[in-house]
There are 2 protein chains.
Amino acid sequence: MHSPAELATQFRSMGRKLTPQRQLIFSLLHNNETHPTAENLYGIASAQMPGISLRTVYQTLNELAEMGELQLIDLGEGGMRFDPNVDDHHHAVCGVCGKIRDVHVKGAASLKPNDAGDFMVSDVGVVFRGKCSDCESRAVKRSPVLQAKVSKK
Amino acid sequence: MHSPAELATQFRSMGRKLTPQRQLIFSLLHNNETHPTAENLYGIASAQMPGISLRTVYQTLNELAEMGELQLIDLGEGGMRFDPNVDDHHHAVCGVCGKIRDVHVKGAASLKPNDAGDFMVSDVGVVFRGKCSDCESRAVKRSPVLQAKVSKK
DNA sequence: GTCTAATTTGCAAGTCTTGCTAACTAACAA
DNA sequence: TTGTTAGTTAGCAAGACTTGCAAATTAGAC
Ligand SMILES: [Mn+2]
Ligand SMILES: [Mn+2]
Ligand SMILES: [Zn+2]
Ligand SMILES: [Zn+2]
């Protein structure tokens with residue numbers, strides 16, 4: 001995603017308005033590596049701008065996505081995640097806490113399906129599933145009792 | 001996924017009943033490579049067993065998934081897809097018609113994130129996005145004007 | 001300041017999936 | 001065969017997430 005200032009320029013040049021709501025959302029996304037949901041962003045935005053609506057957050061995110069400034073990631077758990085990083089990269093998803101981490105994968109771009117007939121590949125995505133280091137150390141440190149409790153759910 | 005007969009045995013050994021609804025769903029999934037949604041299966045099932053409920057389809061699919069007999073795939077468009085193929089394989093998704101095709105990827109299992117700290121990888125998934133051959137030939141046969149428009153992008 | 005098209009809000013509605021429970025039935029024993 | 005009962009189904013309500021809609025608001029231009 002471009003910087004908030006650049007996005008501002010871009011929006012204006014498209015005949016769009018630069019509202020405080022949009023500015024706030026731009027700033028919340030800038031350098032944001034948490035892969036937040038719309039609800040996540042709404043929560044943070046509300047703290048700084050009480051009254052902003054979830055609808056506006058969705059609206060702005062969709063606009064940015066259409067402009068190619070955001071990447072959408074769907075993990076099949078909870079809502080869509082929004083990624084301001086549109087450079088070539090991939091993701092590692094923790095099955096315990098759900099956090100998504102950016103990763104780079106050497107040789108990913110040259111991966112090819114070896115039995116896909118005439119399928120024309122335009123994009124390759126790699127997702128690693130597993131456990132993040134935070135969850136790993138937490139699991140070790142916790143009492144076996146708590147552990148049992150958690151895994152039940 | 002195991003064969004319908006094997007699933008039947010497995011269900012019974014778990015103290016579960018072998019109902020006609022379950023048997024039908026087992027048979028619809030057997031060797032099914034279409035990656036159907038619950039609604040897709042419900043449609044087909046209804047033709048053979050009028051009155052079967054969508055709720056039961058979901059229920060059975062979830063049971064099979066918990067038993068490790070099905071893989072769930074979420075593409076962020078429409079509903080969850082259910083894949084009875086739980087062997088190591090990957091997917092190519094057509095952005096035009098939405099069809100998912102199984103593909104094998106040489107070296108996928110050995111892919112590693114090169115900057116993921118202590119993330120413990122337990123599974124790697126590769127998704128190719130692009131256009132399937134059906135949609136490609138369909139595009140060629142249609143007006144060249146439309147085609148130029150598309151290929152520009 | 002005035003004007004107006006773009007934007008924001010709040011709520012209704014849509015899509016997909018799950019919770020709940022009364023009615024039903026497969027499985028088993030007598 | 002019949003009775004028993006724990007497991008299952010069907011139907012509908014409700015939950016989670018996202019979008020449609022339209023009245024009220026406002027950024028940006030003149
Ligand atoms: Mn990312
Ligand atoms: Mn598959
Ligand atoms: Zn984690
Ligand atoms: Zn296609």
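Here is how names work: the chains are called A, B, and so on, in the same order as the sequence lines, proteins then strands, and each is numbered from 1.
- To the nearest angstrom, P of C:dT18 lies 9 Å from CG of B:Leu72.
- Between B:Asn62 and the phosphate of C:dT17, there is no side-chain N or O to OP1/OP2 separation shorter than 4.0 Å.
- Residue whose closest nucleotide on DNA chain D sits further toward the 5' end, between B:Ser53 and B:Gly15: B:Gly15.
- Projected onto DNA chain C by closest heavy-atom contact, A:Val57 and B:Gly78 fall at different nucleotides, the more 5' of which corresponds to A:Val57.
- Contacts of B:Gln59 with the nucleic acid, taken as non-hydrogen atoms under 4.0 Å apart, include base atoms.
- Put simply, CG on B:Leu61 is 12 Å from P on D:dT9, counting in whole angstrom units.
- B:Ile52 has its CD1 atom 15 Å from the C1' atom of C:dC24, to the nearest Å.
- Atom pair B:Asn40:CG and C:dT17:P shows a separation of 11 Å (rounding to whole Å applied).
- Residue B:Arg22 places no side-chain atom within donor-acceptor reach of the base of D:dG7, judged by atom type and a 3.5 Å distance cut-off alone.
- We find the CG-CG distance between A:Asn62 and A:Leu72 to be 7.0 Å, quoted to the nearest 0.5 Å.
- Nearest-nucleotide mapping onto DNA chain C: of A:Leu54 and B:Leu54, the residue sitting toward the 5' end is A:Leu54.
- A straight line from CE of B:Met49 to P of D:dT8 spans 15 Å, rounded to a whole angstrom.
- Taking 4.0 angstrom as the limit, A:Tyr58 places a side-chain polar atom (N or O) nearer than this to OP1 or OP2 of D:dT18.
- Smallest separation of non-hydrogen atoms from B:His90 and B:Val124: CE1-O, 3.3 Å.
- Ring planes of A:His91 and A:His35: perpendicular class, angle over 60° (limits at 30 and 60°).
- When the P atom of C:dC16 is taken as reference, atom CD of B:Glu77 falls 12 Å away, rounded to whole Å.
- When the P atom of C:dT21 is taken as reference, atom CZ of B:Arg55 falls 13 Å away, rounded to whole Å.
- A donor and an acceptor atom, one from each side chain of A:Asn114 and B:His104, are nowhere located under 3.5 Å apart.
- Distance CG (B:Asp74) to C1' (D:dA16): 13 Å, rounded to an integer number of Å.
- Side chain to side chain, B:Thr56 and B:Gln59 fail the donor-acceptor criterion of an N or O pair below 3.5 Å.
- Within 6.0 Å of CG on B:Asp118 lie no more than 12 heavy atoms contributed by other residues, nucleotides or ligands.
- Here the two rings, on A:Tyr42 and A:Tyr58, have centers that are 6.0 Å apart or farther.
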Response to the item:
The contact string for nucleotides 23-30 of chain D, one letter per nucleotide 5' to 3', using protein heavy atoms under 4.0 Å with B, S and - for base, sugar-phosphate only and none, comes out as ---BBS--
